[in-house]
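Heads up: the structure comes next, in structure tokens.
Letters A, B, ... mirror the listed sequences (proteins, then strands); counts begin at 1.
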Amino acid sequence: MINITLPDGTIKQYNKGVTANEIALSISEGLARNVLAAMVNEQTVESSRPIETDAHVRLLTWNDPEGKNVFWHTSAHLMAEAIEQLYPGVKFGIGPCIETGFYYDIDFLDYNISSDDFKRIEDKMAEIVASKQAVVRREVSKQEALDYFTKKGDEYKLELIQDLEDGKITFYDSGTFTDLCRGPHLTSMAPIKAIKLLSLAGAYWRGDEKRKQLTRIYAVTFPKKKELDEYLLLLEEAKKRDHRKIGKELELFTFSQKVGAGLPIWLPKGAALRERLENFLKKVQKTYGYQQVICPHIGNVDLYKTSGHYQKYGQDSFRPISTPQEGEEFFLKPMNCPHHCEIYASKPRSYKDLPLRIAEFGTVYRYEQSGELHGLTRVRGFTQDDAHIFCTSEQLEEEFCKVIDIVLYIFKTLDFKEYIAQVSLRDPNNKEKYIGTDENWQKAENAIMKAAKERNLNTVVEIGEAAFYGPKLDFMVKDAIGRKWQLGTIQVDYNLPERFGLEYIGSDNEKHRPIMIHRAPFGSMERFVAVLIEHTGGNFPLWLTPEQAVILPISEKYHDYAKYVETLLSEKDVRVSIDERGEKTGKKIRDAEMRKVPYMLIVGEKEQNDKTVSVRQHGQIDVGVMSIDDFANFIAEHVQSSLKKD
RNA sequence: GCCGUUGUAGCUCAGUGGUAGAGCACUUCCUUGGUAAGGAAGAGGUCACGAGUUCAACUCUCGUCAACGGCUCCA
């Protein structure tokens, strides 16, 4: 007998060689039906794997992320099997599960697969599922593995096997398909009830652009059709919230081929919205002792040689521009920090000047590969809500914490309820990627970890994700439909002050080197507005929205009254307009709803006589009649309360 | 940058080797209306751009640019 410890701490005795399936069955039949795999001593295994010694066992179902992973991983094999049957001779790369679903990278040789093939493949997959075939794990020797794929002629699998250690190689057989795989897998394809192939993409073999590009097929599967339908609905919802679509509809921004790819043009409504965001942040920063500065959009090449950016990114930047007479070279500013270092260096500094907090909505230009450009989230010209804090090492942690406070306040004000803070550290095995001394890196990394702990942040640590000059803390938010977006960043930097020779005179009358914090709570205005659009679906908070209310006169007879209302409201800073078209009220309401205007003020005979407006709220029905003043006050209070700091 | 797909009116999209169509939006007229589309008429396009094939190209071929889905990258 062996002792099996379950997650709730209970210990049960079973015969040696018991399987997770049997354990589940001993608890309940329902559980047994739903078990997909098991976690045995922190290792996921098949639910059919015999357990030979005392162990901690967690049964994995669809409700566990690990259970989903196994489900999707097996689904990838299912898809491969179907594809192999339909397109004999194709070669397989890798087929892992991903956050939602899975993909398989496949070399289709001469065949040009398209999404028209999806239906066939889905049908074939369903057919295989219906045959209820088992998925069987088998250990093979390295030679056996090599022989199998040599015979099959799959050089990708052979390459994978080369890197594996003999004695640790497993194959999984399912129906006609055998795959090299670490596993674990479902013991049968039967639970895979709903299948959807999603998209095709090219993907380099082993992520190396010099190697062959395979065809990647993304797909997702579920144990219930209903869940697939829900997922497809979520995709639809995401499509509706696409900031590129909404940005166009609400006339916030546009792109022009003539202006150039990746160079967003802010239209009046978008520019006004962005300006409100900037003013909001400026106001917050003022209370935290920041000073605004303005720098030019270009900087001498030497500036970036000093900062180290030239050596690191010079080749991947827009080519320098040069003066016609002297041939002096300038780069379009790719970041603001070197300029800000020069602001620091513009006069001698005393410890009494520190911390010095320099802020700028600085527009920067970076060459992004053409295939990378994407709406407002990935562009070649964008404005950072940037600031650099120069401080002493004693001040570092407190300053860092204050920045965290600003970030969290912004998230709260803009209704991002969930966030994760990612601490990005240097990869200690790859030090040549970074500049600066070990000692400084150590200090910087410690400071970040300490501050994150101090503010009790929900953090994850990523090794090797640091900027080349220092570690950072990045904030990811979850939007209204659960998608994650990276926004603000805070970075500690010991290196730039050194490269720029920045100093201050301490209380000891000696020269010292300040430490720099780079930070951008929004990240960039472009990206932030994009995320805000996707988060709100274009229904911006009242204080931000381009148009807070629209007046809808019932007929032409009330246009004068409508103008009267407009004047009164405008005087009280309500952003309002009149729909004076000769359309019926129903039509005007429909259009205002589509434009996502928060309030519609319907005015006709009654309202004119009583000096009131009939208020309708976006997405709702009639919310009652108010006096003009009451409505103005209502808007003002609403705006104030959403910006209140508590 | 790479692979694949796409590019037709302001927007969403049909369409064909013989020089273009719908709906919405727009303009004008009729209608003066009470909480999600009243009616009619009109205007609007070098069919992304450049070459080539052809008697003839929006359509076929090649190139360029851009967008989209990914890959690689991201100070």
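Here, U6(B) and C62(B) have their P atoms 13 Å apart, quoted to the whole Å. Nucleotides A9(B) and C3(B) place their C1' atoms 33 Å apart, quoted to the nearest Å. Taking the P atoms as reference points, A25(B) lies 13 Å from A40(B), given to the whole Å. For the P atom pair drawn from C68(B) and G63(B), the interatomic distance equals 22 Å after rounding to whole Å. Distance noted for atom C1' between G7(B) and C58(B): 12 Å (whole Å). With both ends at atom P, the span from C65(B) to G50(B) equals 15 Å, rounded to whole Å. For the P atoms, the distance from C24(B) to G42(B) is 15 Å, rounded to whole Å. Taking atom C1' on both A56(B) and C13(B), the two are 28 Å apart, rounded to the nearest angstrom.
Ring centers of Phe522(A) and Phe528(A): under 6.0 Å apart, within the cut-off. No close placement of the Tyr434(A) and Tyr469(A) rings is indicated, their centers lying 6.0 Å or farther apart. Aromatic ring centres of Tyr365(A) and Phe318(A) lie farther apart than the 6.0 Å criterion allows. In this structure, Tyr313(A) has its ring center no closer than 6.0 Å to that of Phe331(A). Between Tyr218(A) and Phe102(A), the ring centre distance reaches or exceeds 6.0 Å.
Within the 4.0 angstrom heavy-atom criterion, base atoms lie near Gly604(A). Within 4.0 Å (heavy atoms only), Arg211(A) reaches no atom of the nucleic acid at all. Among the heavy atoms of the strands lying under 4.0 Å from Ser317(A) is at least one base atom, whether or not backbone atoms are also near. As judged by a 4.0 angstrom heavy-atom cut-off over every strand, Lys248(A) is placed among residues touching the sugar-phosphate backbone only. Counting non-hydrogen atoms under 4.0 angstrom, Tyr218(A) reaches the backbone sugars and phosphates but no base. As judged by a 4.0 angstrom heavy-atom cut-off over every strand, His518(A) is placed among residues making no nucleic acid contact. Residue-level contact check: Leu373(A) touches the backbone only, with heavy atoms under 4.0 Å from sugar-phosphate atoms and none from bases.
Pairing for G44(B) is absent, judged as Watson-Crick or G-U wobble with the two contacts each under 3.5 Å. Here A67(B) sits opposite U5(B) as a Watson-Crick or G-U wobble pair (both hydrogen-bonding atom distances under 3.5 Å). The nucleotide C73(B) finds no pairing partner, because no Watson-Crick or G-U wobble arrangement with both distances shorter than 3.5 Å includes it. Using the Watson-Crick or G-U wobble rule with both distances under 3.5 Å, A57(B) pairs with nothing in any strand shown. With both pairing distances under 3.5 Å, A36(B) is matched to nothing as a Watson-Crick or G-U wobble pair. Pair assignment for A22(B) gives U12(B), based on Watson-Crick or G-U wobble hydrogen-bonding distances that are each under 3.5 Å.
In the set G70(B), U35(B), C74(B), C74(B) carries the atom at the smallest distance from any side-chain atom of Tyr313(A). For Ala261(A), whose side chain is taken as the heavy atoms from C-beta onward, the closest listed nucleotide among C71(B), U35(B), A66(B) is A66(B). Comparing A75(B), C73(B), G1(B) by their closest approach to the side chain of Ser370(A) singles out G1(B). Listed nucleotides: U35(B), G1(B), A75(B). Nearest to the side chain of Ser614(A): U35(B). For Ala201(A), counting side-chain heavy atoms from C-beta on, the closest listed nucleotide (G38(B), G69(B), A36(B)) is G69(B). The listed nucleotides are C65(B), U12(B), A36(B); the one nearest the side chain of Met594(A) is A36(B).
A donor and an acceptor atom, one from each side chain of Asp105(A) and Trp205(A), are nowhere located under 3.5 Å apart. With hydrogens and angles left out, the side-chain atoms of His518(A) and Asp493(A) include a donor and acceptor closer than 3.5 Å.
Atom OH of Tyr104(A) is separated from atom P of G70(B) by 21 Å (rounded to the nearest Å). Atom C1' of nucleotide G69(B) and atom CG of Leu200(A) are separated by 9 Å, given to the nearest angstrom. Spacing between atom CD of Gln257(A) and atom C1' of A67(B) amounts to 8 Å, rounded to whole angstrom units. What separates CD of Gln369(A) from P of A66(B) is a distance of 13 Å, to the nearest Å. With rounding to whole Å, Arg244(A) atom CZ is found 16 Å from C11(B) atom P. Rounded to an integer number of Å, the gap from CD of Glu593(A) to P of A37(B) is 11 Å. For the pair Glu580(A) CD and C26(B) C1', the interatomic distance rounds to 17 Å; values are reported in whole Å. Look at NZ on Lys258(A): it is 11 Å from C1' on C49(B), rounded to the nearest Å.
The main-chain N or O of Pro553(A) is found under 3.5 Å from a side-chain atom of Lys588(A) such that the two form a donor-acceptor pair.
For Glu607(A) against G34(B), a side-chain N or O and a base N or O form a donor-acceptor pair under 3.5 Å. Contact annotation: side chain of Tyr204(A) to base of G1(B), donor-acceptor pair present below 3.5 Å. A donor-acceptor contact under 3.5 Å is formed by the side chain of Arg378(A) with the base of C73(B). Judged by distance alone, with hydrogens and angles left aside, Arg616(A) brings a side-chain donor or acceptor within reach of the base of A36(B), the pair sitting under 3.5 Å.
Taking the nucleotide of RNA chain B with the nearest heavy atom to each of Gln384(A) and Arg380(A), the more 5' of the two is matched to Arg380(A). When each of Ile621(A) and Leu214(A) is assigned the nucleotide of RNA chain B with its nearest heavy atom, Leu214(A) is the one assigned upstream, toward the 5' end.
Ring geometry, Tyr344(A) versus Phe390(A): the interplanar angle falls from 30° to 60°, so the pair is classed tilted.
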